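Before any comments, here is the structure.
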Amino acid sequence: MVVLTKGELEQIALPAVQRASPPPPAAVPEVDLAAGDAAAAARAVAKACEDHGFFKVTGHGVPPHLLARLEAAAAAFFALPQREKDRAAGCPFGYASKRIGANGDLGWVEYLLLAVTAAGAAAAPGSACEGAEPSCFRAVLDEYVAAVRRMTCTVLQLMAQGLGLDDRDVFSRLVLDRDSDSMLRVNHYPPAAETRRLTGFGEHTDPQIISVLRSNDASGLEITLRDGTWVSVPSDTESFFVNVGDALQVLTNGRFRSVRHRVMVSSARPRVSVIFFGGPPPRERLAPLPGLVDREGGRRRYREFTWREYKNSAYRTKLADNRLCSFETMATS
Ligand code: GA4
């Protein structure tokens with residue numbers, strides 16, 4: 001079990017000036033995948049990615065009974081005695097409490113981080129987590145990964161269509177690749193005994209191409225708008241929330257916005273969220289897509305790099321850092 005010193009707990013609690021109440025609710029754009037008009041859905045997806053880097057998906061086809069089983073299995077895992085959860089501990093993959101990443105970030109959260117393979121959710125081979133969680137949890141995670149990856153690829157195809165790209169699979173191919181560096185994160189934000197707002201997961205952008213989040217009915221997720229103001233995202237157990245990640249911001253030459261977000265804990269109820277991070281294979285060379293660079297008069301905003309190179313640099317940063325600035329270019333080639 002992780003025991004925090006007083007100073008460390010103060011890092012999780014927000015300074016007095018920000019303690020008051022959550023920011024105003026966001027008007028989250030919504031896209032219904034079952035509406036039957038793919039062209040309209042593609043336009044709505046592209047607009048939401050440009051304006052916010054964030055939207056809600058309904059009509060997604062992931063069965064409600066699978067979501068209910070996932071939520072129950074996650075709640076059962078986090079209700080295990082601490083010493084059993086600690087058997088699944090590992091870094092970066094496995095169980096952890098309050099410590100996020102390896103660079104000193106803290107949050108009012110415990111979580112399981114799992115690598116995703118072509119077959120489903122798996123701890124990194126050889127990690128302490130392998131096999132530590134109950135087998136019924138493993139089975140539901142695998143089923144969930146298959147369903148959410150399918151839906152993610154539909155969304156990625158709509159993004160390509162909405163951008164007017166001839167190759168509709170240009171993004172989904174990266175997530176479907178057998179070497180795709182995708183992950184699944186199951187977060188549990190325990191209720192805060194304190195009256196003040198605690199930082200559950202500090203502000204950051206996601207490194208990958210796309211993140212697809214589902215949560216129980218406890219709120220806490222907040223995003224920034226283009227002008228930097230924070231808004232809160234009302235929870236919706238029947239929908240998925242989609243984030244544009246840093247890699248997609250690069251591929252779209254900055255047209256899609258990697259959204260800065262955080263989770264604050266003030267609720268009397270625990271929040272459980274499950275996030276699928278769709279990432280490219282480590283060898284993949286990422287650079288703004290030529291078709292999109294041409295439309296900006298040839299201005300290429302990012303230099304080419306491999307996903308491995310980006311990840312190596314990202315995992316050395318603090319959560320709140322801007323991880324893309326070292327890949328930006330001022331050149332107009
Ligand atoms: C943010 C998005 C995902 O949760 C994550 C996080 C990762 C971790 O928890 O180990 C990182 C963070 C995330 C970005 C910067 C580094 C790495 C913690 C951290 C301080 C799994 C990911 O891929 O990047």
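Remember, predicted model here, so these are calculated numbers, not experimental data. Counting starts at 1 for both ligands and their atoms, following the listed order.
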For atom 15 (C) of ligand 1, the protein heavy atom that lies nearest, with its residue and separation: Arg323 NH1, 3.4 Å
Salt-bridge present (Asp177, Arg283; N to O < 4.0 Å): yes
Region of Asp321 engaging ligand 1 - heavy atom pairs below 4.0 Å: neither
Residues Asp51, Lys47: salt bridge by 4.0 Å N-O rule: yes
Nitrogen or oxygen of Thr317 less than 3.5 angstrom from that of ligand 1: no
Under-4.0 Å heavy-atom contact between protein and atom 11 (C) of ligand 1: no
Nearest candidate to atom 24 (O) of ligand 1, where distance is taken over non-hydrogen atoms, out of Gly101, Pro207, Gly104, Ala320: Pro207
Closest heavy-atom pair and its distance - Leu324, Asn322: N-OD1, 2.8 Å
Pair Arg308 + Asp181: basic N to acidic O under 4.0 Å: no
Partner of His261 by side chain to side chain contact (heavy atoms under 4.5 Å, CB included), out of Ile223, Thr224, Thr205, Leu213: Ile223
Cluster link Ile275 to Val28, ILVMFWY, side chain under 4.5 Å: yes
Test: Glu296 and Arg255 ion pair at under 4.0 Å: no
Closest candidate by heavy atom, reference atom 4 (O) of ligand 1, pool Arg99, Arg185, Lys311, Met183: Arg185
For Ala314, the ligand 1 atoms whose distance to one of its heavy atoms is below 4.0 Å: 15 (C), 16 (C)
Distance-only N or O hit between ligand 1 and His204, under 3.5 Å: no
Residues Ser235 and Asp217: side-chain donor-acceptor under 3.5 angstrom: no
Ligand 1 atoms in contact with Asp105 (distance to a heavy atom under 4.0 Å): 20 (C)
Closest approach of any protein heavy atom to atom 7 (C) of ligand 1, naming residue and atom: Tyr315 OH, 3.7 Å
Proximity to ligand 1 by part of Ser211, non-hydrogen separation under 4.0 Å: neither
Location of contacts on Leu113 toward ligand 1, heavy atoms closer than 4.0 Å: side chain
Ligand-residue contact atoms, ligand 1 with Leu319, heavy atoms, under 4.0 Å: 12 (C), 20 (C)
Contact atoms of ligand 1, heavy-atom distance to Gln208 under 4.0 Å: 22 (C), 23 (O)
Identity and distance of the protein heavy atom lying nearest atom 2 (C) of ligand 1: Asp206 OD1, 3.4 Å
Contact atoms of ligand 1, heavy-atom distance to Phe277 under 4.0 Å: 2 (C), 3 (C), 4 (O)
Mutual orientation of the aromatic rings belonging to Phe240 and His60 [parallel < 30°, tilted 30-60°, perpendicular > 60°]: perpendicular
ILVMFWY network linking Phe54 to Trp230, side-chain heavy atoms under 4.5 angstrom: no
